[in-house]
Chemist: 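This is the structure I have questions about; it appears just below.
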Amino acid sequence: MKDDQADHYRITTIEKHILDQQRQYPEATGILTSLLYDIALAGKVISSKTTRAGLAEILGRTEEVNIQGEIVQKLDQFADLTIYRLNDHTGRLAVLASEENELPLPIPEHYPIGKYVLLYDPLDGSSNIDFNIPIGTIFSIYRRLSESGPGTLEDCLQPGINLVAAGYIIYGSSTMLVYSTGDGVHGFTLDPSVGEFLLSHHDICIPHDPTYFSVNLGYRKYWSEGVKRYTDYLQGLDGKRKALSLRYVGSLVADFHRNLLAGGVFYYPADNKDPGKPAGKLRLLYEAAPLAFLAEQASGYASDGAHRILNIEPEALHQRTPLFIGNRDLVEKAEEFIHLYG
Ligand code: P6P
């Protein structure tokens, strides 16, 4: 077979990859496969808007404020509705929940109800839209806990250890979908010329030797002593390790993606900037937990500074948490400094 023919047969679409993974589980019904494919389709639709956000009327802000108290960007709204509308009728889901909506999103009465639960942040980092900085969709998939009927809030409030699948779509210089069903982490790059996500990063593992650390140093004065000492350690200031390079985009998916591929640690620690606010900015259910699932599948780890993220039992849909995520040894070092110095 000539090389170009061989190349042709080496192209793996996301559908082929998901089906190949499904074949390893004879009891699989194919519903999860179809659900992942629905999410990939939503990613293509959202990508088509993000690459033109500067040109279309879709750039800019609505007058609305979401449950997080954040101004809703028009692209946020578009992404949120796109994911819901591509999933509300398929019969694969019992309930959905989105960062943009205070309560879980029910399946409309005239549609069939399925066995999975989809939690998602439709467009994380959306405040960066106007500055042409990469943004992303993050998703978590659980099996429902309730026996039948409409899905419930309790179906959404599950710890990350129950995750069936998780991933993100990053809308940057290219659009990539990165996901795991518990069998490694795999990355697919969208080829806009054919409208297909093609396998580009098979079985991603965080490099053992890290390159970066990612944190908003502007908040240093609000951190605990342990976090300050940990940051000095990462910068090599205590002579205990070589200095890591600081890279901080201010877009969680972009910062996580770079550290996943190059090795490093991202952290958004608790701070005392506003003592009245809960510890941490990032949301547990649709930001920290799905990325923690991916990190551990890629030989990394994620913690809130004291506890494994995947073990945290959620109490509220939009619950926030401090997050340290990336190379296992760097995250465990954060836990050590916080344990020693608070
Ligand atoms: P700060 C974006 O608004 C976001 O939720 C994450 O994507 C990002 O990691 C974080 O907030 C940035 O927050 O306070 O450093 O601007």
Side-chain angles (χ1 to χ4, degrees), residues 46 50 53 60-62 64-77 79-80 97-101 119-140 166-172 176 178 212-224 227-228 231 234 246-260 262 264-292 294-295 300 302-305 309 317-326 331 334:
I46 295 166
T50 55
R61 298 177 165 182
T62 66
E64 295 169 43
V65 176
N66 67 13
I67 170 70
Q68 318 298 339
E70 297 160 343
I71 296 277
V72 177
Q73 303 275 356
K74 287 180 183 176
L75 213 46
D76 255 347
Q77 211 162 46
D80 190 39
S98 158
E99 187 230 16
E100 296 295 328
N101 298 272
L119 312 180
Y120 61 98
D121 182 351
L123 215 53
D124 176 76
S126 53
S127 54
N128 294 300
I129 292 171
D130 298 350
F131 313 123
N132 213 0
I133 286 169
I135 50 184
T137 298
I138 311 172
F139 62 90
S140 292
Y168 60 86
I169 302 161
I170 180 169
Y171 311 100
M176 271 192 74
V178 179
Y212 301 114
F213 76 103
S214 308
V215 69
N216 186 336
L217 280 181
Y219 298 150
R220 182 183 172 92
K221 67 179 181 180
Y222 301 117
W223 295 342
S224 70
V227 175
K228 288 177 183 172
T231 304
L234 295 175
L246 173 61
R247 290 286 187 283
Y248 189 75
V249 176
S251 184
L252 174 60
V253 173
D255 280 318
F256 176 79
H257 184 69
R258 181 196 52 249
N259 292 351
L260 179 72
V265 59
F266 168 95
Y267 52 112
Y268 204 108
D271 61 47
N272 60 22
K273 192 157 29 111
D274 185 341
K277 284 199 173 176
K281 172 181 183 182
L282 302 177
R283 273 70 71 161
L284 173 63
L285 277 170
Y286 40 79
E287 291 177 347
L291 297 184
L294 294 179
S303 169
D304 65 359
I309 289 288
L317 199 54
H318 302 290
Q319 176 173 333
R320 297 176 188 265
T321 178
L323 176 64
F324 299 75
I325 189 168
V331 176

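Start at 1 and go down the list; that is how both ligands and their atoms are numbered.
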Chemist: Suppose we measure from atom 15 (O) of ligand 1 to each protein heavy atom; which comes out shortest, and what is that distance?
Modeler: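 Protein heavy atom at minimum distance: Tyr248 OH, 2.5 Å.
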
Chemist: For the residue pair Tyr267 and Phe324, is the inter-centroid distance of their aromatic rings smaller than 6.0 Å?
Modeler: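 Close enough - the centres of the two rings lie under 6.0 Å apart.
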
Chemist: What's the shortest distance from atom 7 (O) of ligand 1 to any protein heavy atom, and which residue and atom give it?
Modeler: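 Answer, as residue, atom name and distance: Asp124 OD2, 2.6 Å.
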
Chemist: I'd like to know whether CG of Asn132 has more than 12 heavy-atom contacts from other residues, nucleotides or ligands below 6.0 angstrom.
Modeler: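 Atom CG in Asn132 is not crowded, with 12 or fewer foreign heavy atoms closer than 6.0 Å.
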
Chemist: Is there a donor-acceptor contact under 3.5 Å from the side chain of Thr137 to the main chain of Pro122?
Modeler: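 Yes; judged by distance alone, with no hydrogens or angles, the pair exists.
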
Chemist: Using atom types as modelled and distance alone, determine if a side-chain donor or acceptor of Arg258 lies under 3.5 Å from a backbone N or O of Arg247.
Modeler: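 Yes; at least one donor-acceptor contact below 3.5 Å.
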
Chemist: Just to confirm my output: which protein heavy-atom neighbour is closest to atom 14 (O) of ligand 1, and how far is it?
Modeler: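 Minimum-distance protein heavy atom for atom 14 (O) of ligand 1 reads Tyr268 OH, 2.6 Å.
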
Chemist: I need the Arg320 CZ to Lys277 NZ distance, nearest 0.5 Å.
Modeler: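 Taking CZ in Arg320 and NZ in Lys277, the distance rounds to 6.5 Å.
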
Chemist: Who's the nearest protein heavy-atom neighbour of atom 9 (O) of ligand 1, and how far?
Modeler: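 Checking every protein heavy atom, the shortest distance to atom 9 (O) of ligand 1 gives Leu252 N, 3.3 Å.
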
Chemist: Would Tyr219 count as being in polar contact with ligand 1, using the rule that some N or O on each side must be under 3.5 angstrom apart?
Modeler: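 It does: an N or O of Tyr219 is found under 3.5 Å from an N or O of ligand 1.
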
Chemist: Applying a heavy-atom cut-off of 4.0 Å, say which part of Asn216 lies close to ligand 1: side chain, backbone, both or neither.
Modeler: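 Within the 4.0 Å criterion, Asn216 contacts ligand 1 through side-chain atoms alone.
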
Chemist: Among all protein heavy atoms, pick out the one at the shortest distance from atom 11 (O) of ligand 1; state its residue, atom name and that distance to 0.1 Å.
Modeler: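 Checked against all protein heavy atoms, atom 11 (O) of ligand 1 sits closest to Lys281 NZ, 2.9 Å.
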
Chemist: Counting heavy atoms only, which part of Phe256 comes closer than 4.0 Å to ligand 1: side chain, backbone, both or neither?
Modeler: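 It is neither; nothing of Phe256 touches ligand 1.
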
